[in-house]
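Comments concern the structure below.
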Amino acid sequence: LSDDLSRGLTGNYVGAGIDENVVIRSIYGAYKALYSLNMRADIITMGDISDYPAVILPNICAISREDCGKLKEYVRNGGILILDGKCAVIDELSLAYDVIPGGGLDEISGEIYFETDDRDASFELGGKRVVGFGGRDIPQICNAETVASFTDGVPAIVKKSYGKGVTYTVNSQIFYGFEKIGASAALEFLKMLDAEHSLKQLEATSEIKYRLCEADGKILLFAFNYTDAALSDNVKIKLGERDYEVSVSLDANDSTVIEV
């Protein structure tokens, strides 16, 4: 439904460069940004969210009322929820919610959407000036903490505590922007999240890219060297109370799988 709705509304987006595949590209952009920072990521269903410390909803326009309740419970119990772009616009019957985000998510986001404009979407994050994508989502109500502001003071990113957890709302489309043009706002935002919540399970120093997987009681480390030079690394992995160190050496344009 999210993909269908985005295709129908694409022509009405304010801001250049929005295509009809915005939902799929936003999801891929989030995964790609996390992967580029060696942050573990999975594309999951609602039944899996309790297994993850943070959940990103990138332009997920359609969310059922039941799933909105599950997301609220997830945050209440200590989860970190990130809403990027247009989320919870319609329910499972394609009926529009009274507010955006709907289904009660406005309570945990601390915002209600008003309109999108095409004014300057730049803001400062982590000491760097970055730019949003696809216009700015302007809230009509905001009772959350402002983390970053656009140049005219309109909130770019807000943070709302709810129960034991927290929700971050991004008033632009940073993951879509990262997938489409490599906009750095998504990376700086993820770095900020990691600095505040220690989300990374893997620390590395080289240009080798990693993917960490757990299956059937095994921990597998996938390593990829996309460069034209041989690289070596000493990787530190933290999984709960368990700490591991793994040495990795790869030839140019090489890959390997290591059982930790």
Side-chain angles (χ1 to χ4, degrees), residues 2 23 26-61 63 67-88 101 103-111 125-126 130 132 144-148 155-179 184-204 209-214 219 236-242:
S2 289
V23 173
S26 296
I27 294 170
Y28 177 58
Y31 188 91
K32 184 178 176 182
L34 289 159
Y35 177 76
S36 70
L37 294 174
N38 286 325
M39 297 178 74
R40 185 179 178 186
D42 295 302
I43 297 174
I44 61 173
T45 65
M46 195 62 65
D48 300 320
I49 61 174
S50 62
D51 296 330
Y52 292 82
V55 171
I56 299 175
L57 299 182
N59 267 320
I60 305 301
C61 306
I63 307 178
D67 285 346
C68 285
K70 291 178 180 178
L71 289 166
K72 289 179 67 175
E73 188 66 18
Y74 168 76
V75 176
R76 183 184 293 114
N77 291 332
I80 301 164
L81 180 65
I82 297 99
L83 305 178
D84 168 66
K86 304 290 192 303
C87 293
L105 293 188
D106 59 303
E107 182 182 351
I108 64 172
S109 73
E111 276 197 351
L125 197 58
V130 298
E145 173 189 347
T146 299
V147 174
I157 300 174
V158 300
K159 172 184 176 182
K160 174 75 172 181
S161 296
Y162 183 79
K164 298 178 181 178
V166 63
T167 300
Y168 290 86
T169 302
V170 182
N171 291 323
S172 193
Q173 302 179 60
I174 60 174
F175 293 113
Y176 177 58
F178 182 73
E179 195 284 323
S184 63
L187 298 181
E188 296 306 321
F189 174 67
L190 291 174
K191 290 176 185 177
M192 180 206 74
L193 278 183
D194 179 53
E196 187 158 342
H197 300 286
S198 300
L199 296 176
K200 287 184 76 170
Q201 296 176 312
L202 184 152
E203 293 292 341
K209 298 301 179 184
Y210 297 97
R211 182 74 168 86
L212 193 64
C213 297
E214 293 181 78
I219 302 169
K236 295 181 179 180
I237 300 170
K238 184 173 182 62
L239 295 173
E241 300 300 319
R242 298 170 294 170

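What's counted below: heavy atoms across the whole structure, side chains too, no hydrogens, waters or symmetry copies. We count residues from 1, following the sequence as given. For clarity, every value in this text was computed on a predicted model and none was experimentally measured.
- Between the CG atom in Leu239 and the CZ atom in Arg40 there is a gap of 7.0 Å [rounded to 0.5 Å].
- In terms of modelled atom types and a separation under 3.5 Å, the side chain of Asn171 and the main chain of Pro155 share a donor-acceptor contact.
- A salt bridge is absent between Lys70 and Glu73; no separation between the charged side-chain nitrogens and carboxylate oxygens falls under 4.0 Å.
- To the nearest 0.5 Å, the span separating CZ on Arg242 from CD1 on Ile237 amounts to 10.5 Å.
- The distance from the SG atom of Cys87 to the CG atom of Leu81 is 8.0 Å, given to the nearest 0.5 Å.
- Under a 4.0 Å N-O distance rule, the pair Arg211/Asp42 qualifies as a salt bridge.
- Summarising the geometry, atom CD belonging to Glu196 is positioned 8.5 Å from atom CD1 belonging to Ile80; distances are rounded to the nearest 0.5 Å.
- A pairwise comparison of heavy atoms in Ile63 and Cys68 identifies CG2-SG, 3.6 Å as the closest pair.
- In plain terms, the two heavy atoms of Ala54 and Ile82 that are nearest each other are CB-CD1, 4.4 Å.
- Side-chain atoms of Asp84 never come within 3.5 Å of backbone atoms of Val170 as a donor-acceptor pair (strictly under, hydrogens ignored).
- Taking 4.5 Å as the limit, some side-chain heavy atom of Met39 sits within range of a side-chain heavy atom of Leu199.
- Side chain of Lys72 to main chain of Tyr162: no donor-acceptor pair is present (N/O by atom type, distance under 3.5 Å, no hydrogens or angles).
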Report task. Go through the steps to decide whether Ser109 and Asp106 satisfy the test side-chain hydrogen bond (donor to acceptor under 3.5 Å, both in side chains), and finish with yes or no. Result -> CA-CA 5 Å; Ser109 73; Asp106 59 303; over 6 Å; no
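- Counting non-hydrogen atoms of neighbouring residues, nucleotides and ligands closer than 6.0 angstrom, the OH atom of Tyr28 reaches no more than 12 such neighbours.
- Minimum interatomic distance between Phe175 and Ser26 (heavy atoms only, all atoms of both residues): CB-O, 3.6 Å.
- Side chains of Asn38 and Leu212 form no contact here, defined as non-hydrogen atoms less than 4.5 Å apart.
- Between Ile44 and Asp51 there is no side-chain heavy-atom pair separated by less than 4.5 Å.
- In this structure, NZ in Lys160 is found 10.5 Å from CD1 in Ile108, a value given to the nearest 0.5 Å.
- Side chain of Lys209 to backbone of Ser36: a donor-acceptor contact under 3.5 angstrom is found.
- Shown here for Asn59 and Val23, the closest heavy-atom pair between the two residues is O-CG2, 3.5 Å.
- Of all non-hydrogen atoms in Leu83 and Pro101, the two that sit nearest each other are CD1-CG, 4.3 Å.
- Here the closest non-hydrogen pair linking Ile27 and Pro58 is CA-CG, 3.8 Å.
- To the nearest 0.5 Å, atom CE of residue Met46 and atom OH of residue Tyr74 are 10.5 Å apart.
- For the pair Ser172 (side chain) and Ile174 (backbone), a donor-acceptor distance under 3.5 Å is absent.
- Heavy-atom contacts from other residues, nucleotides or ligands closer than 6.0 Å to NZ of Lys236 number 12 or fewer.
- Taking 4.5 Å as the limit, every side-chain heavy atom of Tyr35 sits out of range of all side-chain heavy atoms of Lys32.
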Query - Ile56 and Leu190: CA distance, side-chain angles, deciding distance, side chain to side chain contact (heavy atoms under 4.5 Å, CB included) verdict - result: CA-CA 11 Å; Ile56 299 175; Leu190 291 174; 4.3 Å; yes
